[in-house]
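Quantities reported herein were computed from a predicted structural model and do not represent experimental measurements. Just so you know, these numbers use all the heavy atoms, side chains as well, and skip hydrogens, waters and symmetry mates.
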Amino acid sequence: MPAPSPALLTVDLDALVANYRTLERVGGVPVHPVVKADGYGLGAAACAERLMREGARTFFVARTREGEQLRTALGSGPAIYVLDGCLSGQAGRLQGADLRPVLNTGAQLREWRSAGGGACGLQIDTGMNRLGLRPGDAPEPFEGLDLVLSHLACADEPTAPMNARQRDAFAAVAARYPGALRSFANSGGVFLGEDYAFDASRPGICLYGGGPEGRPDDRIRPVATFTAEVLQVRDVPAGESVGYSRGFVADGPRRIATIGAGYADGVLRSYSPEGRVWIGGALRPIIGRVSMDVSAVDVTGLEAAAGDAVELFGAHRMLDDAAAAAGTVAWELLTSVAARVPRRYVG
Ligand SMILES: *Cc1c(COP(=O)(O)O)cnc(C)c1O
């Protein structure tokens, strides 16, 4: 049993597997799950362990530390790539945990190879200008290099002309590394068509329930359900206010539920005024200012009582819709669920 808390993140591992299978089928190539940022907040170890049982053999994390923790959880079997690459002085740690850096610069390449090297990947920048070597600076093939990747800047916009430009640039440079596996598509990329698949995909958000185009998609099942318990229900007379700074003023008699989740749990302050939660079969607005530990929901006309659960996102309030209401994206909303919120696994 997780520690008692009014806020809870429930992770449906069967839905995770269903999304994994969908990504495999649509892409037509093996799926190498991205489990950085603690599996987008859902728990990297639990998600990766389950995906391993379903056949996943290669995972991506961002940080060396994330790789070390994942290695401890998964044991010696799977390949774990670290997207940060080989930071200065970190080669020994990477080698010690059998992690494969995705080398991003000439300096990282030299650092890794002068430390004895070993299996590693190489990131090519095909236009995003974030990480990786430009095609013109790509090195000759070298010992240990077993994966070459690039990352799409506009994968969630299928009509963006940049997608095909990046794909073609990647195909050209990857051909120089015949011994290396080619990894190109993130979640959105998987849905762009088979010419984006290359040898293996590298999805994150669609595994965890976000749509490939930043909005709910029938092909992707919700995985994470963020709930909070109602702590108290009160009747607020017309003219009175609720919460800090009188952020909400009742224009008539209102029934207000105070729920046990605030911004220290991952209920972003930007949720108000557009935020909604699912309660008693209806979507109801989050009102006033979200505070640290609690938020207020207008439940006028509902039978809400202390102990009832509200859903901040899940099957009734889709993750992408909740994110849009908070002015952000599913990736940030998921990774904002705080460490103090217990994770409960089902399936
Ligand atoms: C985060 C990340 C991914 C996964 O992207 P999603 O959009 O979540 O599927 C893939 N590749 C790289 C390099 C990343 O940084």
According to ring-ring contact (aromatic ring centres under 6.0 Å, His included), who are the partners of Phe191, at least two apart in sequence or on a separate chain? none

So does Arg63 have more than 12 non-hydrogen atoms from other groups sitting under 6.0 Å from CZ? no

Distance col, row Leu149:CG vs Leu122:CG, nearest 0.5 angstrom, shows 8.0 Å

Salt bridge Arg50-Glu54, side-chain N to carboxylate O under 4.0 Å: yes

Hey, is CE on Met292 packed in by over 12 heavy atoms from elsewhere, all under 6.0 Å? no

May I ask you to decide if Phe198's main-chain N or O and Arg182's side chain share a donor-acceptor pair within less than 3.5 Å? no

Evaluate the side-chain contact (heavy atoms from CB on, under 4.5 Å) criterion for residues Arg343 and Leu8: first the C-alpha distance (whole Å), next the side-chain angles of each, then the deciding distance (0.1 Å), finally the verdict. CA-CA 6 Å; Arg343 271 63 171 168; Leu8 183 66; over 6 Å; no

Hydrophobic cluster membership, with links at side-chain heavy-atom distances under 4.5 Å among I/L/V/M/F/W/Y: are Val17 and Val11 in one? no

Say whether Val329 and Leu9 are linked into one hydrophobic cluster, either directly or through other cluster members, by side-chain heavy-atom distances under 4.5 angstrom. yes

Is the shortest side-chain N to carboxylate O distance from Asp265 to Arg340 below 4.0 Å? yes

Side-chain heavy atoms under 4.5 angstrom apart, residues restricted to Ile, Leu, Val, Met, Phe, Trp, Tyr: same cluster for Phe142 and Tyr177? yes

Could you walk me through whether Thr64 and Arg93 satisfy the side-chain hydrogen bond (donor to acceptor under 3.5 Å, both in side chains) test, starting with their C-alpha distance in whole Å, then the side-chain angles of each, then the deciding distance to 0.1 Å, before giving a yes or no? CA-CA 8 Å; Thr64 302; Arg93 276 179 65 177; 6.0 Å; no

Steps toward side-chain contact (heavy atoms from CB on, under 4.5 Å) verdict (Arg57, Met52): CA-CA 6 Å; Arg57 287 293 173 268; Met52 239 176 98; 3.8 Å; yes

CD1 of Ile286 to CZ of Arg269, rounded to nearest 0.5 Å, is 13.0 Å

Heavy atoms of other groups near Arg255 CZ, more than 12 under 6.0 Å: yes

Under the criterion side-chain contact (heavy atoms from CB on, under 4.5 Å), I'd like the reasoning laid out for Leu268 against Val290: C-alpha separation, chi angles, the key distance, then a yes or no. CA-CA 7 Å; Leu268 305 183; Val290 171; over 6 Å; no

Give a yes or no on this: more than 12 heavy atoms of other residues, nucleotides or ligands lie within 6.0 Å of atom CZ of Arg21. yes

Do Glu229 and Thr227 pass the side-chain contact (heavy atoms from CB on, under 4.5 Å) test, and can you show the C-alpha distance, the side-chain angles, and the key distance before you say yes or no? CA-CA 7 Å; Glu229 217 174 285; Thr227 51; over 6 Å; no

